[in-house]
Amino acid sequence: MPTTPDFVRMLRGASLRVTGPRVAVLAAVHDHPHADTDSVIGAVRGDLGVVSHQAVYDVLRVLTAAGLVRCIQPMGSVARYEARVGDNHHHVVCRSCGAIADVDCAVGYTPCLTAADDAGYEISEAEVIYWGRCPECAATPASHQNETARQEED
Ligand SMILES: [Zn+2]
Ligand SMILES: [Zn+2]
């Protein structure tokens, strides 16, 4: 078996009761970085069978509050969840298709946390989103993008 993170231990480490839905949601977010709620629900249902939307929302909220899951919400996008937490990494978002990829801070050094002027705030996180176009969209001339999409549907 491939080594998967010990979700049970992660839940216990965060002083959370271990439940089937919590383990399934954690696994789904881990397997599908930057998934939106609907994708998480889909993955959890594939795993557990019937689970209500509300149950998944509740679990996501609990896991996010506990710091096991990070929630990001780029402007104009629905909330996305990821299990990669605690490293202050950033995101690059495609303006055309909404694809999201991780962008690392330099390991062990987070220059973006050193604001030129912190205005006296104790800074713990820098949320940086780079906007642009993903390689796939960049390969398609912007003016022809809609046309191409239509042609591909035929
Ligand atoms: Zn794109
Ligand atoms: Zn990420």
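We count ligands from 1, going down the list as the structure has it; atoms in each ligand are counted the same way.
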*Angle at the Zn ion (ligand 1) (to 10°), with one arm to SG of C97 and the other to SG of C134*: 110°
*Can you tell me the angle formed at the Zn ion (ligand 1) by SG of C94 and SG of C137, to 10°?*
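Seen from the Zn ion (ligand 1), SG and SG are separated by roughly 110°.
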*Any idea which N/O/S atom from E82 gets closest to the Zn ion (ligand 2)?*
OE1
_D102, N/O/S atom nearest the Zn ion (ligand 2)_ = OD1
*Start with the C-alpha distance between D38 and H53, add both sets of side-chain angles, then the distance that settles side chain to side chain contact (heavy atoms under 4.5 Å, CB included), and finish with yes or no.*
CA-CA 8 Å; D38 285 344; H53 278 236; 4.2 Å; yes
Using a 4.5 Å cut-off on heavy atoms from C-beta on, say whether the side chain of [Y] contacts that of [X].
X    : Y   : result
S77  : V93 : no
L68  : V62 : no
D102 : H34 : yes

*Can you give me the NE2-the Zn ion (ligand 2)-NE2 angle for H34 and H89, to 10°?*
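Angle NE2(H34)-the Zn ion (ligand 2)-NE2(H89): 170°, rounded to 10°.
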*side chain to side chain contact (heavy atoms under 4.5 Å, CB included) assessment of E82 paired with H91*: CA-CA 11 Å; E82 66 185 342; H91 295 99; 3.1 Å; yes
*Is there an N/O/S atom in H90 at a distance below 2.8 Å from the Zn ion (ligand 2)?*
no
